[in-house]
Amino acid sequence: MIKDREKLVLQFIVQTFIETGSPIGSRYLAKKLPVEWSAATIRNIMSDLEEQGFLTHPHTSAGRMPTDKAYRTYVNAMMRLEKLSLEEKNLISSMMIDMTEKITQIYDGVEEVLYHSSKALAKISNELGVILSPRFNQSVFDRLVLNALDHDRILIELTLKSGAVKSVTLELHDSLSREYLHTIQSAINERLTGLTVEEIRKTISERLSGLRSRFEDREETFIRIFLDSAESLFNFEKTRTINFAGANNILMKPEFSNSNDVQAMLELLEEKDSIIQLLSSQSHENGVSVSIGEELGHLPIVNYSLITANYRIGESVGSIGIIGPKRMRYSKLIPLAKHTAHALEKVLNTGVYQE
């Protein structure tokens with residue numbers, strides 16, 4: 001717990017540093033604070049805050065800067081959330097409306113939506129906008145459709161309850177009749193529909209084992225090939241992607257004049273698996289998560305912060321993120337993350353974007 005006057009000084013320092021990026025001195029605060037305190041009184045308060053771990057100061061200046069602890073206290077207890085402007089909401093909605101007109105199948109069209117969403121997120125936030133595609137392996141399987149392309153190739157369409165559709169071509173040695181394809185299609189659907197993709201991947205051999213004895217050698221061969229390919233057929237996670245835009249937004253900020261910070265960000269962008277793991281690991285309360293500096297763990301981005309929110313397509317969960325310097329405008333970017341996640345969820349589940 002900090003005293004009221006310490007809270008006032010700390011809140012003002014954090015807000016001012018977010019706006020300017022410059023260390024804050026006691027004389028400046030004496031002129032700007034809505035109370036008549038002397039510079040000496042303010043220096044004492046700042047000294048107390050520094051002893052408590054809320055403030056630090058660079059060697060080249062007598063001014064103070066907020067620490068990770070100060071940002072955390074500000075986000076948790078001092079910040080007043082802002083509202084998105086009509087122009088900002090219109091930018092998101094126009095992008096959503098434009099993209100819904102182009103979607104034919106969610107699994108094929110979702111990447112286009114996520115790519116443009118990350119661009120809109122970066123443009124509004126002036127930070128790095130990151131969007132992680134959903135974890136479709138969590139989805140419930142709806143149905144499988146088998147279609148003969150020619151005498152030795154089968155097109156397999158896998159549809160999830162979330163609306164995701166995956167199409168795979170399977171090479172065979174012999175042709176199969178339409179009657180057989182319809183029969184085996186019905187038999188597979190009967191055994192797999194209603195299970196999650198992950199459950200199917202773990203138990204498909206057991207669930208389809210009795211089918212092989214029902215058919216002749218040529219038809220039994222298809223079931224064997226199907227089972228041998230099941231791991232990749234039902235792997236919706238393998239194509240999980242990360243979309244990001246706005247790297248220049250943060251690399252051009254003054255705090256990234258240090259070549260080590262620039263290198264850390266470039267390494268993060270190259271290691272996409274690290275970003276996927278980072279976004280997937282966030283714990284969301286009230287729909288949003290904020291991680292500041294060292295809270296991000298072992299990744300070489302201790303001078304950054306991350307705001308994330310989840311969106312859903314059916315049972316599948318994806319994440320959006322905003323990465324920027326620790327002095328990012330949390331009061332604006334938290335509502336932006338929540339709004340974008342809500343908009344994505346709306347359009348990807350219904351195909352229609354409405355406020």
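Keep in mind it's a predicted model, so treat the numbers as computed, not measured.
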Mind checking whether [X] and [Y] sit in one hydrophobic cluster, side chains of I, L, V, M, F, W, Y counted as touching below 4.5 Å?
| X | Y | answer |
| --- | --- | --- |
| Ile225 | Leu155 | no |
| Phe54 | Phe12 | yes |
| Leu170 | Val145 | no |

Across all chains, not counting sequence neighbours, the side chain to side chain donor-acceptor pair (under 3.5 Å) partners of Glu88 are Ser85, Lys332

Supply the atom-to-atom distance [X] [atom1] to [Y] [atom2], rounded to the nearest 0.5 angstrom.
| X | Y | atom1 | atom2 | answer |
| --- | --- | --- | --- | --- |
| Ile292 | Lys326 | CD1 | NZ | 9.0 Å |
| Asn126 | Ile322 | CG | CD1 | 11.0 Å |
| Asn310 | Ser319 | CG | OG | 4.0 Å |
| Ile200 | Asn235 | CD1 | CG | 12.5 Å |
| Ile323 | Leu333 | CD1 | CG | 12.5 Å |
| Ile24 | Leu55 | CD1 | CG | 10.0 Å |

For [X], what residues pass the side chain to side chain contact (heavy atoms under 4.5 Å, CB included) criterion, not counting sequence neighbours?
| X | result |
| --- | --- |
| Leu86 | Asn90 |
| Lys7 | Ile2, Met78 |
| Thr67 | Thr56, Lys69, Ala70 |

Checking side-chain hydrogen bond (donor to acceptor under 3.5 Å, both in side chains) between Thr203 and each of Arg207, Arg201, Glu199, which is the one that passes?
Arg207

Are the side chain of [X] and the backbone of [Y] linked by a donor-acceptor contact shorter than 3.5 Å?
| X | Y | result |
| --- | --- | --- |
| Thr340 | Ala337 | no |
| Ser118 | Tyr115 | yes |
| Thr193 | Asp142 | yes |
| Glu6 | Lys3 | yes |
| Lys166 | Leu233 | yes |
| Ser229 | Phe226 | no |
| Glu345 | Arg312 | yes |
| Asn189 | Arg143 | no |

The test is side-chain contact (heavy atoms from CB on, under 4.5 Å); show your working for Ile92 and Leu336 and say whether it passes.
CA-CA 10 Å; Ile92 295 173; Leu336 174 61; 3.9 Å; yes

Is it true that Thr41 and Ser38 share a donor-acceptor pair across their side chains at a distance under 3.5 Å?
yes

So, Ser305 versus Tyr330: side-chain donor-acceptor pair below 3.5 Å or not?
yes

Flag the pair [X] / [Y] as yes when at least one side-chain heavy-atom distance between them is below 4.5 Å, and no otherwise.
| X | Y | value |
| --- | --- | --- |
| Leu192 | Phe234 | yes |
| Leu344 | Ile131 | yes |
| Glu157 | Ser167 | yes |
| Tyr304 | Ile250 | yes |
| Tyr311 | His342 | no |
| Tyr74 | Ile18 | yes |
| Met79 | Ile334 | yes |
| Val130 | Ile320 | no |

Check [X] against [Y] and note the closest heavy-atom contact, atom names and distance.
| X | Y | result |
| --- | --- | --- |
| Ala148 | Ile154 | CA-CD1, 4.0 Å |
| Pro66 | Ile13 | CD-CG2, 4.3 Å |
| Gly287 | Ala309 | O-CB, 3.4 Å |
| Trp37 | Leu33 | CE3-CD1, 4.1 Å |
| Ile313 | Pro134 | CD1-CG, 3.5 Å |
| Leu181 | Leu146 | O-CD1, 3.8 Å |

Could you tell me whether [X] atom [atom1] has more than 12 heavy atoms of other residues or ligands within 6.0 Å of it?
| X | atom1 | answer |
| --- | --- | --- |
| Asn76 | CG | yes |
| Arg27 | CZ | no |
| Glu171 | CD | yes |

side-chain contact (heavy atoms from CB on, under 4.5 Å) evaluation trace for Leu128 with Asn249:
CA-CA 7 Å; Leu128 180 69; Asn249 290 343; over 6 Å; no

Before giving the answer on salt bridge (Lys or Arg N to Asp or Glu O under 4.0 Å), spell out for Arg329 and Glu82 the whole-Å C-alpha distance, their side-chain angles and the decisive distance to 0.1 Å.
CA-CA 10 Å; Arg329 192 173 162 187; Glu82 303 176 41; 2.5 Å; yes

Residues pairing under salt bridge (charged side-chain N to carboxylate O under 4.0 Å, His left out) where one sits in residues 118-131, two or more places apart or in two chains, turn out to be Glu127-Lys253

May I ask you to decide whether Glu295 forms a salt bridge with Arg72, counting only side-chain N to carboxylate O separations under 4.0 Å?
yes

Could you walk me through whether Val140 and Leu195 pass side-chain contact (heavy atoms from CB on, under 4.5 Å), step by step?
CA-CA 5 Å; Val140 174; Leu195 301 173; over 6 Å; no

List, one per line, each side-chain donor-acceptor pair under 3.5 Å for residues 43-50, sequence neighbours excluded.
unit_1: Arg43; atom_1: NH1; unit_2: Ser26; atom_2: OG; d: 3.4
unit_1: Asn44; atom_1: ND2; unit_2: Ala40; atom_2: O; d: 3.4
unit_1: Glu50; atom_1: OE1; unit_2: Arg64; atom_2: NE; d: 2.8
unit_1: Glu50; atom_1: OE1; unit_2: Arg64; atom_2: NH2; d: 3.2
unit_1: Glu50; atom_1: OE2; unit_2: His57; atom_2: ND1; d: 2.7

Going through the checks in order, is the side-chain contact (heavy atoms from CB on, under 4.5 Å) test met by Leu306 and Val290?
CA-CA 6 Å; Leu306 168 67; Val290 180; over 6 Å; no

